[in-house]
There are 2 protein chains.
Amino acid sequence: MSERSGKRSELELRARAKVQRSGLRDLSFRSLADEVGVKSSSVHYYFPEKRDLAATLIRNYSNDFLLRLARVSSDNVSLISKLMTFVDLFEEAAADDKLCLCGMLAAELLALDKECRSLLEEFFKAAESWLVDVLHDHKSDVASSLPSTKLAAVMMSGLEGALLLDRVQGAGVHLQAQRQLISSLVISERRL
Amino acid sequence: MSERSGKRSELELRARAKVQRSGLRDLSFRSLADEVGVKSSSVHYYFPEKRDLAATLIRNYSNDFLLRLARVSSDNVSLISKLMTFVDLFEEAAADDKLCLCGMLAAELLALDKECRSLLEEFFKAAESWLVDVLHDHKSDVASSLPSTKLAAVMMSGLEGALLLDRVQGAGVHLQAQRQLISSLVISERRL
DNA sequence: GTCTATATACAGATAGAC
DNA sequence: GTCTATCTGTATATAGAC
């Protein structure tokens with residue numbers, strides 16, 4: 001996403017997918033190198049230490065995620081449509097048997113250095129800010145009495161948790177339930 | 001919890017805490033043994049392979065969790081009170097900088113064997129069933145139009161996700177937001 | 001039951017040839 | 001940039017003495 005070609009970006013792409021599926025601890029320089037067809041020392045050439053790789057992954061994921069949100073925030077579409085675009089980002093991960101990269105790393109928080117923790121914090125803050133802004137821009141379409149910041153927190157927690165639980169139980173029921181909850185928090189479209 | 005004394009239960013207690021904080025992959029027989037003051041081979045005496053330890057941890061956690069729920073389900077208290085007891089179980093983990101054991105292991109799902117995956121599935125199914133039953137028993141106090149199964153899924157996802165995000169951002173804002181959401185889904189207490 | 005000792009595998013990381 | 005080779009640490013797991 002962030003870069004279009006080269007070994008480096010291929011490494012980042014594969015590493016991202018592996019972390020979203022099984023976590024950072026389960027990602028080794030060796031296994032990553034094997035997937036890309038190089039040796040582990042070549043991976044160290046691009047990412048001297050594992051923390052360098054981790055920080056890069058979070059930065060790229062965060063950029064891609066927020067960029068896709070930014071594309072729709074100024075669109076002339078309904079509130080529910082914008083919120084469902086937000087859910088779609090999680091649905092994509094679920095369809096690929098992945099978690100949100102930052103959700104996965106949040107579970108591994110104690111193994112991360114200070115920089116990675118800050119990057120995670122910024123990701124969640126930015127994602128929730130997007131939600132708050134969208135809710136504010138469509139204030140009259142919000143059916144809930146909860147303040148926007150609380151609604152944003154509820155949606156973010158709910159979606160991260162839904163990815164976690166749907167991997168265990170399959171069938172996508174938790175993500176679907178989150179969609180229904182969000183719909184119920186928004187004034188339904190006026191028809192005809 | 002499940003057993004009161006002996007090396008075995010001390011190992012289980014320490015192992016549970018470690019997994020809730022940093023996951024199963026980060027738990028080694030050596031580090032666990034060190035904490036309890038024995039050698040790793042002694043841990044193998046009780047739990048021949050790591051999967052045996054993992055399965056035991058899930059079973060014990062699940063039993064303790066569901067037992068505490070069972071204690072309040074027949075109490076003559078309000079719906080919101082029962083639901084807040086449910087949230088309290090997550091709050092305890094958060095206060096100790098832990099995740100729900102099963103939430104943590106859900107993130108590590110791909111590293112678990114079939115038995116552990118089944119046990120996780122049963123835990124989430126049972127916890128949501130408790131919620132469904134409680135909602136059904138207080139049907140007239142439910143303010144949401146969503147069916148009980150969806151509400152249960154929403155609460156479970158939301159709480160698991162809130163633990164994840166509050167560890168990153170501190171301050172317990174996500175768990176607090178979940179409490180407010182749940183309150184808003186229930187008919188408020190009649191006062192006076 | 002708990003220990004010492006060890007087998008085997010794999011982790012992150014680095015040095016230096018090409 | 002990519003490789004071979006290697007260092008060092010740690011993981012799971014087992015054998016066998018006490």
#### Entry: Helical bend (five base pairs per end, nearest 10°) for the helix from C:dG1-D:dC18 to C:dC18-D:dG1
0°

#### Entry: Below 4.0 Å: OP1/OP2 of C:dT14 and any side-chain N or O of A:Y45
no

Rounded interatomic separation in angstrom, taking [atom1] from [X] and [atom2] from [N]:
| X | N | atom1 | atom2 | value |
| --- | --- | --- | --- | --- |
| A:E10 | D:dG1 | CD | C1' | 15 Å |
| B:L11 | C:dT2 | CG | P | 8 Å |
| B:K39 | D:dG16 | NZ | C1' | 17 Å |

### Task
Give the ring-plane orientation class for A:F29 versus A:H44, where under 30° counts as parallel, over 60° as perpendicular and anything between as tilted.
parallel

### Task
Using the six-membered ring wherever Trp is involved, compare the ring planes of B:F65 and B:F90 and label them parallel, tilted or perpendicular (cut-offs 30° and 60°).
perpendicular

### Message
Keeping B:R14 on the side-chain end and B:L32 on the backbone end, is there a donor-acceptor pair under 3.5 Å?
### Response
no

Under a 4.0 Å N-O cut-off, is there an ion pair linking [X] with [Y]?
| X | Y | result |
| --- | --- | --- |
| B:D64 | B:R16 | yes |
| A:E12 | A:R8 | yes |
| B:K82 | B:D75 | no |

### Closest heavy-atom pair and its distance - A:D166, A:L175
OD2-N, 2.9 Å

### Closest contact, heavy atoms only, A:L135 versus A:M155
CD2-CE, 4.4 Å

Produce the list of close N/O pairs, under 3.5 Å, pairing protein atoms with atoms of nucleotides 11-13 of chain C; give distances to one decimal.
unit_1, atom_1, unit_2, atom_2, d
C:dA11, OP1, A:S28, OG, 3.1
C:dG12, OP1, A:L27, O, 3.3
C:dG12, OP1, A:K50, NZ, 2.7
C:dG12, OP2, A:F29, N, 2.9
C:dG12, N7, A:R30, NH1, 3.3
C:dG12, O6, A:R30, NH1, 3.3
C:dA13, OP2, A:K50, N, 2.9
C:dA13, N7, A:H44, NE2, 3.2

